[in-house]
Amino acid sequence: MIRVLLADDQALIRAGFRALLGAEEDIEVVAEAANGSEAVARAVEFRPDVALVDIQMPVLDGIEAARRIAAEPGLAGVHVVMLTNYGLDEYLYRALRAGACGFLVKDTDPGDLIHGVRVAARGDALLSPAITRKLIGAFVARPPQAAAGSAVEVLTNREREVVAMAARGLSNDEIAAGMVISPATAKTHISRAMTKLRARDRAQLVVWAYETGLVSPGSG
């Protein structure tokens, strides 16, 4: 079962999401929270696989809640997906840096919501092509970080190639086809790179790849 935490200050939103997700045989809503502080506490208590967290909440906003969840060593398996009604530009970079693995708009199609929860539970980045374009745009004005750039040296050439392809939005199957390797081998390279770079998930690899200059906006 995929265990889900719902964090939103609107009870009707939580009720709607609970009804949709609870109807799936492989998904269980294990807890709810009405503000960011409660979201962190519920994550610690229930250790869900996925936390759907509203960006704008009282007491503690969603981005800070995501940061605190990511900072808890015992919550490494909790994948935070940000919920928003708003334009993503001002939040995207901050949320991914805080540890979120992706975004969902609250009025998304029910099927996309369910699919998104399953994608996040696998540890994959929940970044649509539109969001990926916005993410790339966020790095146009940011020069590569020297300190982060030095971390490139810990990766093998093969791992760098795989991370670069993942940062461009390719799936494991697409990476495998492009490199003429098996999907399992591609996944292994991704996992090893995440371990070496201490990245929580695929979204963190995307951020890292652009910050270090391994991938540049407009490349690929």
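All residue numbers in this chain count up from 1 along the given sequence.
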Legend entry - Partner of T156 by side-chain contact (heavy atoms from CB on, under 4.5 Å), out of R192, K196, E161: K196
Legend entry - Residue pair A166 / I175: nearest heavy atoms and the distance that separates them: N-CD1, 3.9 Å
Legend entry - R42 (side chain) donor-acceptor with A51 (main chain) under 3.5 angstrom: no
Inset, instruction - Answer yes or no: is there an ion pair linking E72 with R68, defined by an N-O contact shorter than 4.0 Å? - result: no
Legend entry - Under 3.5 Å donor-acceptor, R3 side chain and F46 backbone: yes
Inset, instruction - Go through D61 and Q56 one step at a time and tell me if the side chain to side chain contact (heavy atoms under 4.5 Å, CB included) criterion holds. - result: CA-CA 5 Å; D61 68 34; Q56 293 193 333; over 6 Å; no
Legend entry - Residues forming a side-chain hydrogen bond (donor to acceptor under 3.5 Å, both in side chains) with S191, sequence neighbours excluded: none
Legend entry - Set of side-chain hydrogen bond (donor to acceptor under 3.5 Å, both in side chains) partners for R158, sequence neighbours left out: none
Inset, instruction - Please name the pair of heavy atoms, one in L75 and one in A43, separated by the smallest distance, quoted to 0.1 Å. - result: CD2-O, 3.4 Å
Legend entry - Side-chain heavy atoms of R118 within contact of D26, under 4.5 Å: yes
Legend entry - NZ (K106) with more than 12 external heavy atoms under 6.0 Å: yes
Inset, instruction - Could you grab the distance from atom CZ of R14 to atom CG of L6, nearest 0.5 Å is fine? - result: 8.0 Å
Inset, instruction - Ignoring hydrogens and angles, tell me if any N or O in the side chain of E38 forms a donor-acceptor pair with the backbone of A34 under 3.5 Å. - result: yes
Legend entry - Considering all heavy atoms, the nearest V78-P48 contact: CG2-O, 3.2 Å
Inset, instruction - Heavy atoms only: give me the nearest A98-I63 pair and the separation to one decimal. - result: CB-O, 3.6 Å
